[in-house]
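Heads up, the thing below is written out as structure tokens.
Convention: sequence-line order gives letters A, B, ...; per-chain numbering from 1.
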Amino acid sequence: MTEQTTTTAGAGEERSYDEYRVIQDLGGWKRSHTCSQLTAADIGKVVTLMGWVQFRRDHGGLIFIDLRDREGLTQTVFSPEEAPEAHERAHAIRIEYVVALRGIVRHRPEGMTNPSMHTGEVEVYVQEWKLLNTSETPPFPIEDRVETSEMLRLKYRYLDLRRPRLARNFILRNKAAQSVRRYLDGLGFLEIETPVLTKSTPEGARDFLVPSRMNLGTFYALPQSPQIFKQLLMVSGLDRYFQIVKCFRDEDLRADRQPEFTQIDIEMSFPDEEQIMGMAEGLVRTLFTETIGVKLPDAFPRMPYKQALDEYGVDKPDVRFGLKLADVKDIFAGGGFKVFASAPCLKALRVAGGLELSRKEIDDYTEFVKIYGAQGLAWIKVKEDGEWQSPIVKFFSEDEKVKLAERLGMVPGDIVFFQAAPVDVANAALGNLRLKLGDRFGLIDEKAFAPLWVTDFPLLEYDPEDKRWVAKHHPFTSPQPGQMDTIASDPGGALARAYDLVLNGNEIGGGSIRIHTPAAQKAMFSALGISDEEAEEKFGFLIEALKFGAPPHGGIAFGLDRIIMLLTGSKSIRDVIAFPKTQKATCLMTDAPNLVSKKQLRELGIQLREKAAEPGEKKAEG
RNA sequence: GGAGCGGUAGUUAAGUUGGUUAUAACGCCGGCCUGUCACGUCGGAGGGCGCGAGUUCAAGUCUCGUCCGCUCCGCCA
């Protein structure tokens, strides 16, 4: 930097402003306004603002500093005439410096207002200011319009959170939480905390375990949900409980799944489904009104689980648009086209306007459905002249063609996709293709919110891996009336008193009426292939409690993070969680999880296996 | 456990069929500038392409391995 001496004569000497970069105390200054508050009504007032430097525009003469806090931006002006000392020192100000400014609110000069700023009508003429802290140049710009890699954002999460879009998410999240508390408190629900160090109940998701120092060799588990505790609170007679509570599941992450997440957990005594669903609808409606001013329908539509799978291929249908699946198996049964005739399930999806899809797009969709186990993707295009263009129609009989056209209502311009596969595959492939096509053909109103109750879930489902029946919801869910007796004889046939709340294709809540008698609970465990001893060992305390006058009870839990994600239009749950984990469940900021000292392990009675002894470790050089 | 996409100055990205000293914009540092608001303008510094092998006369470009981030399947009562 000394190589080339400074340019022309007359140019000033290179200098440093370090002499002005002395950090000062607040010295009794108090903030009078946030950076989004000042309007024309405040003109003439002396105000004190504190915040971060968003932009500086140093004209040599006038210096403009846009000051930012979590609420917004305010333009401040340093003038060499009005406050020479303040102005001279202001040359040293840099982006993200923390400053306190005291000055007079003035109307901006004629034609100089900025309608794109909340505070764009006014500006603060700075009289004196304090440098509260300096800042290194941030690793990425603190602005919404600059996309930055998520790796960097997570490493410097505290800087990412300074960005207005993210900050707004947490302001809204707070609003939502307060709204929930107000609503439930108004209905007599008590907010009660339940343990975070609790008992491992290895039904369902993997538990996070915490070793016990005082009871060597034993472990607590972090709760996957406060399920059993909230039921016990009903036994205790506290009647109505809720909690905004962290839950933990040691499973793989997704855009909408974190290992620790927050539930709005609710339980009430003496309810039926209608009461719980009514209360839950009121909660969600209130939440939407009070946070984003959106009015949801007075009664949310409902759909049985079976219909959801039949018509939408998934158990959480996005009902913002149609495009339903159709079962066409009967048309081709016993026909000449073996692929269709012999399929365990044959479903079709007719898309109006699909004729315009290119070969490439169809190929892409074919690749897409393979994710869900599909072998391929058959299709028929109906050309403008009514002729069918397709690699497979030559195998169809006239009768089959007529019936198919009638069943699906095929008209020129359409494309029809087929899935001949096991029912799970056909549903998943076409159900997810449906979402993609809804997007491709602009069928989804991005501003709409379409809630839907999915009801009448099966009580049990078969787990081919464990070769046993497992609870679809959880093992405390009550079967529908009269079905307790048939569980043993027809485990797959029983329906549960369970309900999920789906919003725009996202599961945002789910609950059930619980089993509240010991006999029924034992019958349930038995249907799940859990022996009496095992049930006693794992859930004895619950069965015991049910013996002492447990009232009928039920409840629901909402995924708060997912709701906030929808309210803020965020693409990832990470954008509504202050300090989220990466897909490998690590924290890039703190480096958790980390190794711990031998001493810590010794105290816990834990010895780590040698890494080299790990099985599956192959490809050694030798 | 598996599939796909990505990793190049502080940041965001470009980088032809492998070919001289690796581009640009923004940011940063400094000069000038009294009405800007993503200020303008002039000048400057800054990377060897995630990491490790290999192929080649030659690798950011090809191969293999590995690490990290993201999306998805499995998993998530």
- Message: Tell me whether A/Arg106 forms a cation-pi arrangement with A/Tyr125, defined as NZ or CZ under 6.0 Å from the six-membered ring centre and within 45 degrees of its axis.
- Response: yes
- Which part of the nucleic acid, if any, lies within contact of A/Tyr125, taking any heavy atom under 4.0 Å across all strands shown: a base, the sugar-phosphate backbone alone, or nothing? base
- May I have all residue pairs that pass salt bridge (Lys or Arg N to Asp or Glu O under 4.0 Å) and include part of residues 108-121 of chain A, sequence neighbours excluded? none
- Taking atom P of B/C28 as reference, at what distance in whole Å does atom OH of A/Tyr97 sit? 11 Å
Atom pairs under 3.5 Å, N or O on each side, protein against nucleotides 12-14 of chain B: can you list them with distances?
residue	atom	partner	partner atom	Å
B/U12	OP1	A/Ser149	N	2.7

- Query: Could you give the CD-to-P distance, from A/Gln54 to B/G27, as a whole number of Å?
  - Reply: 12 Å
- Task: Could you tell me whether A/Lys436 sits above the aromatic face of A/Phe368, with NZ or CZ closer than 6.0 angstrom to the six-membered ring centre and within 45 degrees of the axis?
- Result: yes
- Query: If you take atom types as modelled and just measure distance, does the side chain of A/Arg254 reach the base of B/G74 with a donor-acceptor pair under 3.5 Å?
  - Reply: yes
- Check each residue of residues 255-265 of chain A for a non-hydrogen atom within less than 4.0 Å of any atom in RNA chain B, then write out the ones that pass by number, or none. A/Ala255, A/Arg257
- Message: Heavy atoms only, 4.0 Å cut-off, all strands: where does A/Thr113 land among base, sugar-phosphate and nothing?
- Response: base
- Query: Looking at residues 425-438 of chain A, who's got a heavy atom less than 4.0 Å off RNA chain B?
  - Reply: none
- Those residues that, when tested against A/His59, pass ring pair (Phe, Tyr, Trp, His ring centres under 6.0 Å) (two or more places apart): A/Phe64
- Task: Would you classify A/Glu123 as touching base, sugar-phosphate or nothing, given that sugar-phosphate means primed atoms plus P, OP1 and OP2, and contacts are heavy atoms under 4.0 Å?
- Result: base
- Message: Heavy atoms only, 4.0 Å cut-off, all strands: where does A/Arg574 land among base, sugar-phosphate and nothing?
- Response: sugar-phosphate
- Query: By ring pair (Phe, Tyr, Trp, His ring centres under 6.0 Å), which residues pair with A/Phe476, not counting sequence neighbours?
  - Reply: A/His474, A/Phe539
- Note on the structure: Of the candidates B/C37, B/G69, B/C28, the side chain of A/Thr137 sits closest to B/C28
- Item | Nearest-angstrom distance, P atom, B/C51 to B/U11 | 14 Å
- Query: Going by the salt bridge (Lys or Arg N to Asp or Glu O under 4.0 Å) test, which pairs reach into residues 571-587 of chain A, not counting sequence neighbours?
  - Reply: A/Glu150-A/Arg574, A/Arg153-A/Asp575, A/Arg165-A/Asp575, A/Glu260-A/Lys581
- Query: Looking at RNA chain B, which of residues 360-373 of chain A put a heavy atom within less than 4.0 Å of it?
  - Reply: A/Ile371, A/Tyr372
- Item | For A/His33, ring pair (Phe, Tyr, Trp, His ring centres under 6.0 Å) partners two or more places apart | none
- Message: Taking the minimum atom-to-atom distance to the side chain of A/Glu251, which one of B/C76, B/G69, B/U11 wins?
- Response: B/C76
- Task: Classify the side-chain pair A/Asp456/A/Gln480 by whether it contains a donor and acceptor separated by less than 3.5 Å.
- Result: yes
- Message: Please enumerate all residues that pass ring pair (Phe, Tyr, Trp, His ring centres under 6.0 Å) together with A/Tyr156, with sequence neighbours excluded.
- Response: none
- Closest to the side chain of A/Arg94, out of B/G1, B/C70, B/G30, is B/G30
- Task: Would you classify A/Ile63 as touching base, sugar-phosphate or nothing, given that sugar-phosphate means primed atoms plus P, OP1 and OP2, and contacts are heavy atoms under 4.0 Å?
- Result: nothing
- What salt bridge (Lys or Arg N to Asp or Glu O under 4.0 Å) pairs are there with at least one residue in residues 496-506 of chain A, not counting sequence neighbours? A/Glu273-A/Arg497
- Query: Is A/Pro139 touching bases, backbone alone, or none of the nucleic acid, heavy atoms closer than 4.0 Å?
  - Reply: sugar-phosphate
- Query: Hey, does A/Ser225 reach any base, or is it just sugar-phosphate, or nothing, if we go heavy atoms under 4.0 Å?
  - Reply: base
N/O-N/O pairs, protein side and nucleotides 38-41 of chain B side, under 3.5 Å:
residue	atom	partner	partner atom	Å
B/A38	O4'	A/Arg145	NH2	3.4
B/A38	N1	A/Arg145	NH1	3.2
B/A38	N3	A/Arg145	NH1	2.7
B/A38	N3	A/Arg145	NH2	3.1
B/C39	OP2	A/Arg57	NH1	2.9
B/C39	N4	A/Asp58	O	2.7

